[in-house]
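Residue numbers start from 1 in every chain, and the chains themselves are labelled A, B, ... in the order their sequence lines are given, proteins ahead of strands. Hydrogens, waters and symmetry mates are skipped; everything else that's a heavy atom, side chains included, is used. None of the values given here were measured: they were computed from a predicted structure.
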Protein chains: 2
Amino acid sequence: MDNNICNRLPLGRSLAILAKTYYGALTKRLEHLEIERYYSILILIENHGAKCTQQFICDELKMDKVSMVRIVDYLIEKKYVKKVVNPKDRREHFIQLTKKAIEVLPAIHQAIDEVNSAALKGIAKEKQKELYSQLNSIQMNLAHLPSQKIYINYKKASKKV
Amino acid sequence: MDNNICNRLPLGRSLAILAKTYYGALTKRLEHLEIERYYSILILIENHGAKCTQQFICDELKMDKVSMVRIVDYLIEKKYVKKVVNPKDRREHFIQLTKKAIEVLPAIHQAIDEVNSAALKGIAKEKQKELYSQLNSIQMNLAHLPSQKIYINYKKASKKV
DNA sequence: ATAAATAGTTAGTATTATTAACTATTAATT
DNA sequence: AATTAATAGTTAATAATACTAACTATTTAT
């Protein structure tokens with residue numbers, strides 16, 4: 001049997017395992033901050049600026065908006081973000097970083113850098129870039145893949161009708 | 001802002017999104033089979049043979065054994081697997097494929113092949129191998145990563161003590 | 001013979017995802 | 001201008017999954 005995890009399992013399963021292992025390592029480094037797994041949200045807002053609506057965050061992180069309500073509530077309770085109604089469109093709420101979040105972000109980046117460089121150890125810098133671009137390309141390829149059910153092709157012999 | 005998902009988000013988050021997208025595509029192709037996301041288990045057993053214990057499956061798929069109890073129950077209910085007590089060690093139960101599972105596996109493989117080739121479109125065969133080997137190496141690197149909490153390095157100026 | 005370890009199970013809890021129904025607001029249509 | 005659609009966010013209910021602890025049965029180690 002092949003000892004490469006990607007050959008033993010469906011690609012998506014391998015990716016899920018990687019993601020879980022990565023999250024475990026990262027979350028342990030940051031669990032005392034009480035941001036759970038929500039550092040991605042802080043980083044998203046950090047990158048995108050003061051105009052992140054909940055819907056935007058859901059779209060970027062491929063999460064559903066119902067779950068996002070509670071996550072944002074949690075982050076507000078922990079004082080990492082605040083909600084600001086968009087005066088131009090009062091349906092939208094901008095989720096913005098607080099002073100506390102800004103203070104904490106360097107530690108988050110440090111943890112991510114540590115785990116990233118541990119994860120990518122042994123992979124040359126150019127290869128890392130190539131890997132990132134391949135992963136991005138996979139995501140793009142899958143994002144709008146039409147779905148068609150696959151049916152079982154029973155052999156006539158095994159079907160006694 | 002960089003438009004590559006891996007540069008916008010922590011690597012683990014990008015991988016989780018990829019995994020989710022992949023699973024979505026695959027599950028839609030197979031949802032009528034009522035194996036939920038458990039085709040990985042069938043494939044694992046297919047590869048490893050008749051001596052897969054629940055614990056082995058958990059170790060391979062990085063799942064916890066408590067959840068595995070219910071999943072195996074579900075797969076038994078749907079007649080995809082059966083439980084056989086290991087006569088050499090009666091604590092262990094081998095999880096084995098049924099005739100139904102064996103009949104269904106070609107359809108699962110076809111679906112995986114379809115989604116894989118869609119996902120990897122535009123990536124040359126040798127590059128695919130390289131990608132798989134990089135993903136495997138990331139998993140190995142992360143698997144036994146020691147964890148150390150990262151603390152916030154407050155500037156003296158911002159701390160009025 | 002006893003203690004420790006392992007495989008699996010059950011119960012309880014927490015997290016997350018999913019669906020549907022809802023409010024408030026904005027945009028589109030007649 | 002009035003009505004209808006659509007959008008952002010919320011709430012409630014349900015289902016899936018993960019995690020912890022406590023438990024049984026069995027095997028291994030002392």
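Using a 4.0 Å heavy-atom distance criterion, Asp89(B) is classed as a sugar-phosphate-only contact. Contacts of Lys83(B) with the nucleic acid, taken as non-hydrogen atoms under 4.0 Å apart, involve only primed sugar atoms and P, OP1 or OP2. Heavy atoms of Met63(A) sit under 4.0 angstrom from primed sugar atoms or phosphate atoms, though from no base atom.
Distance CZ (Phe56(B)) to P (dG8(C)): 12 Å, rounded to an integer number of Å. Following rounding to the nearest Å, Leu61(B) (CG) and dA18(D) (C1') show an atom-to-atom distance of 15 Å. Here dA17(C) presents its C1' atom at 7 Å from NZ of Lys20(B), a figure rounded to the nearest Å. Between Gln55(B) atom CD and dT27(D) atom P there is a gap of 17 Å when expressed in whole angstrom units. With rounding to whole Å, Ile76(A) atom CD1 is found 12 Å from dG9(D) atom C1'. Between the NZ atom of Lys65(B) and the C1' atom of dC19(D) there is a distance of 13 Å, given to the nearest Å. The separation between Asn86(B) atom CG and dT28(D) atom P is 10 Å, rounded to whole Å. The distance between atom CD1 of Ile41(A) and atom C1' of dT15(C), rounded to the nearest whole Å, is 14 Å.
In this structure a side-chain-to-backbone donor-acceptor pair under 3.5 Å is missing from Thr27(B) to Gly24(B).
Glycosidic conformation of dA5(C): anti, with the torsion beyond 90° of 0.
With DNA chain D read from its 5' end, the first of the two nearest nucleotides for Asp64(B) and His93(A) is the one closest to His93(A). Ranked by how close their nearest DNA chain C nucleotide is to the 5' end, Phe94(B) and Pro87(A) are led by Phe94(B).
At the phosphate of dT15(C), neither OP1 nor OP2 sits under 4.0 Å from any side-chain N or O atom of Tyr38(A). For the pair Arg37(B) and dT17(D), the criterion of a side-chain N or O lying under 4.0 Å from OP1 or OP2 is met. Contact check, Tyr23(B) against dT17(D): no side-chain N or O comes under 4.0 Å of OP1 or OP2. For dA8(D), neither phosphate oxygen OP1 nor OP2 lies less than 4.0 angstrom from any side-chain nitrogen or oxygen of Thr53(A).
Residue Arg70(B) places its side chain closer to dG12(C) than to any other of dT20(D), dG9(D), dG12(C). Closest to the side chain of Val69(B), out of dT10(C), dT18(C), dA7(C), is dT10(C). For Arg91(A), whose side chain is taken as the heavy atoms from C-beta onward, the closest listed nucleotide among dT11(D), dT7(D), dG9(D) is dT7(D). Among the nucleotides dG8(C), dT10(C), dT19(C), the one closest to any side-chain atom of Gln54(B) is dG8(C).
Listed here is the closest heavy atom pair of Tyr80(A) and Ala101(A): O-CB, 3.1 Å.
A salt bridge is defined here as a Lys NZ or Arg NE, NH1 or NH2 lying under 4.0 Å from an Asp or Glu carboxylate O, and Glu92(B) with Lys51(B) fails to meet this definition.
Within a 6.0 Å radius of CE in Met68(A), other residues, nucleotides and ligands contribute more than 12 heavy atoms.
Arg90(B) contributes no side-chain N or O that forms a donor-acceptor pair with the base of dT26(D) under 3.5 Å.
Glu114(B) and His109(B) form no side-chain donor-acceptor contact under 3.5 Å, judged by distance and modelled atom types alone. Defined by atom type and a distance below 3.5 Å, a donor-acceptor pair is missing between the side-chain atoms of Arg13(B) and Tyr22(A).
With both pairing distances under 3.5 Å, dA4(C) is matched to dT27(D) as a Watson-Crick or G-U wobble pair.
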